[in-house]
Trainee: 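Below are the structure tokens for one structure; questions will follow.
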Protein chains: 2
Amino acid sequence: MRTYDQYCSVARALDVIGDRWTLLIVRELLIRGPSRYTDLQYGLPGIATNLLADRLRELEDHGVIAREAAPPPVATTLFRLTPRGESLKGVLEALGQWGRPLMVGPSGDAEFRSHWLIFPLQLHLSDHEPDLPPAVVEIRTGEQPMLLEIGGSVRVRPGTVRNPDATVTGTPSLILGLFTGALELAAARARGLVFDGDEDLVRRVQPLAVAAG
Amino acid sequence: MRTYDQYCSVARALDVIGDRWTLLIVRELLIRGPSRYTDLQYGLPGIATNLLADRLRELEDHGVIAREAAPPPVATTLFRLTPRGESLKGVLEALGQWGRPLMVGPSGDAEFRSHWLIFPLQLHLSDHEPDLPPAVVEIRTGEQPMLLEIGGSVRVRPGTVRNPDATVTGTPSLILGLFTGALELAAARARGLVFDGDEDLVRRVQPLAVAAG
DNA sequence: CAGCATCCGCTTTGATACTG
DNA sequence: CAGTATCAAAGCGGATGCTG
């Protein structure tokens, strides 16, 4: 990107991460940790491979990411955020927060990857009853199942488990609506969500403002 | 901008405010409040006028800004942020914070506008001794003088005052370095800063972590 | 003068094909 | 797997002209 050439920290920041795709690459690395080139491509549907290569080089030049040779037997290149890159988390959170109202409609024909749920869910959910026994909710939406692990805190990660305390199946929009509290469980069910198991787990982790209201 | 077409709130946010210049337009409106077209042009050195017009229309379409006919006798169009636009403040703050390390060097030949100081200064400074009498520091850098009004809180705005309790003159880089604590007063002076008046005022408003250290 | 619209050359991006 | 190479399309920057 051409520099704005302004002595302003916002403009200087945008000189580094204002290019198209750049912040989405950072999103991928924040969610998934050190990743291979092809994993990044998979998490960034629509990116042209030359652009991904360009951006990775630029981010490396700016000290935002580092390239790392994975140890044998994998023997592949890994891209990881530097501490400076990790510190973009606040920017991504602010952006994601601001973008949430734009997620209310159904996903339509937009691309979706299950792991994109990790960021918003982990940001908004917390365990309000840490003294209760730990529990696991399996979320089935998109291409791979995700686990919501509740036990003092809430962790979201890809995976499956033998006997989850609850399973939720539905569109990403319904899942997000349910857990962020925009949608009552009954309303979500009416629109096609399938929820099996312990329904109290939803209220246990929902944002407090919602759970209270 | 072409949409990313991803069902992810970061991507959706970037679909709206990810274009070149867009966030800098929001910066101007956040700092200056409702502004005329030409004021925006002045605060955005380097923008092409057709791009400014394009972006303003897009931002209006997305509900981020609104156009308003100023009352007579001014009789001009004012552009102002909607509440939705105001809520981008957190994004701008996060970006500005992240960009601060990129401001350490001198400004070089980069463009500068005095009012750009308002955002970072107001964000980082506070009055640690609200029981002391109010005070005013006049900052002279860039094209117009700025006032730092201290009295319980800290306000920064364009203007002059007859008898300021202190005046600081120097490059934007020195001013920022001094108030954010990156530069000791003595060191700033050695590099060309001129400070007249009550030196304690600097410590009174500096970020606490710095003042304590 | 404020607030654009138009035109044109240049740069960036996107799609696809190909390679060590 | 991790890119390069190529080329068309879109976006951007700069100059200029138009309109109330």
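Here is the naming used below: chain letters follow the sequence lines, and residue numbers restart at 1 for every chain.
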Trainee: Hey, could you give me each pair passing ring pair (Phe, Tyr, Trp, His ring centres under 6.0 Å) that has a residue in residues 11-48 of chain B? Not counting sequence neighbours.
Mentor: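 Every ring pair (Phe, Tyr, Trp, His ring centres under 6.0 Å) pair that includes a residue of residues 11-48 of chain B, provided the two are not neighbours, is A:Y4-B:W21.
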Trainee: What is the distance from CG of A:L56 to C1' of D:dT4, rounded to the nearest Å?
Mentor: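 These atoms are roughly 14 Å apart.
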Trainee: Once you round it to whole Å, what is the distance between P of C:dG3 and CD of B:E60?
Mentor: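 Rounding to the nearest Å, CD of B:E60 and P of C:dG3 are 13 Å apart.
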Trainee: When you measure from every atom of DNA chain C, which of residues 13-28 of chain A have a heavy atom less than 4.0 Å away?
Mentor: A:D19, A:R20, A:W21
Trainee: How long is the line joining CG of B:L52 and P of C:dG3, in whole Å?
Mentor: 10 Å
Trainee: May I have all residue pairs that pass side-chain hydrogen bond (donor to acceptor under 3.5 Å, both in side chains) and include part of residues 188-198 of chain A, sequence neighbours excluded?
Mentor: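 Found A:R189-A:E199.
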Trainee: Under 6.0 Å from the CD atom of B:E68, do we count more than 12 heavy atoms belonging to anything else shown?
Mentor: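 Enclosed.
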Trainee: Within residues 31-51 of chain A, which residues have any heavy atom lying less than 4.0 Å from an atom of DNA chain C?
Mentor: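 Those residues are A:G46, A:A48, A:T49, A:N50, A:L51.
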Trainee: So which atom in B:S173 and which in B:M103 form the shortest heavy-atom distance, rounded to 0.1 Å?
Mentor: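 The answer is OG-O, 4.3 Å.
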Trainee: Are B:E60 and B:R57 within salt-bridge range, i.e. N to O under 4.0 Å?
Mentor: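 No.
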Trainee: At 10 degrees resolution, what angle do the end axes of the helix from C:dC1-D:dG20 to C:dG20-D:dC1 form when each is taken over five base pairs?
Mentor: 30°
Trainee: Take A:R67 and B:R2, find for each the nucleotide of DNA chain D with the closest heavy atom, and name the residue whose nucleotide sits nearer the 5' end.
Mentor: A:R67
Trainee: Minimum heavy-atom separation for B:A110 and A:Q6, please, with both atom names.
Mentor: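 That closest heavy-atom pairing would be CB-C, 4.0 Å.
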Trainee: If you compare all heavy atoms of A:V156 against all heavy atoms of A:L148, which two are closest, and at what distance to 0.1 Å?
Mentor: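 Closest approach of A:V156 to A:L148, heavy atoms only: CG2-CD1, 3.5 Å.
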Trainee: Which residues pass the side chain to side chain donor-acceptor pair (under 3.5 Å) test with B:R12, not counting sequence neighbours?
Mentor: none
Trainee: If we check side-chain contact (heavy atoms from CB on, under 4.5 Å) with A:F195, which of these qualifies: A:L174, A:V202, A:T169, A:T167?
Mentor: A:V202
Trainee: State, without any angle test, whether B:W98 and B:E93 hold a side-chain donor-acceptor pair at a distance under 3.5 Å.
Mentor: no
Trainee: Rounded to whole angstroms, how far apart are CD on B:E58 and C1' on D:dA10?
Mentor: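 Between C1' of D:dA10 and CD of B:E58: 13 Å.
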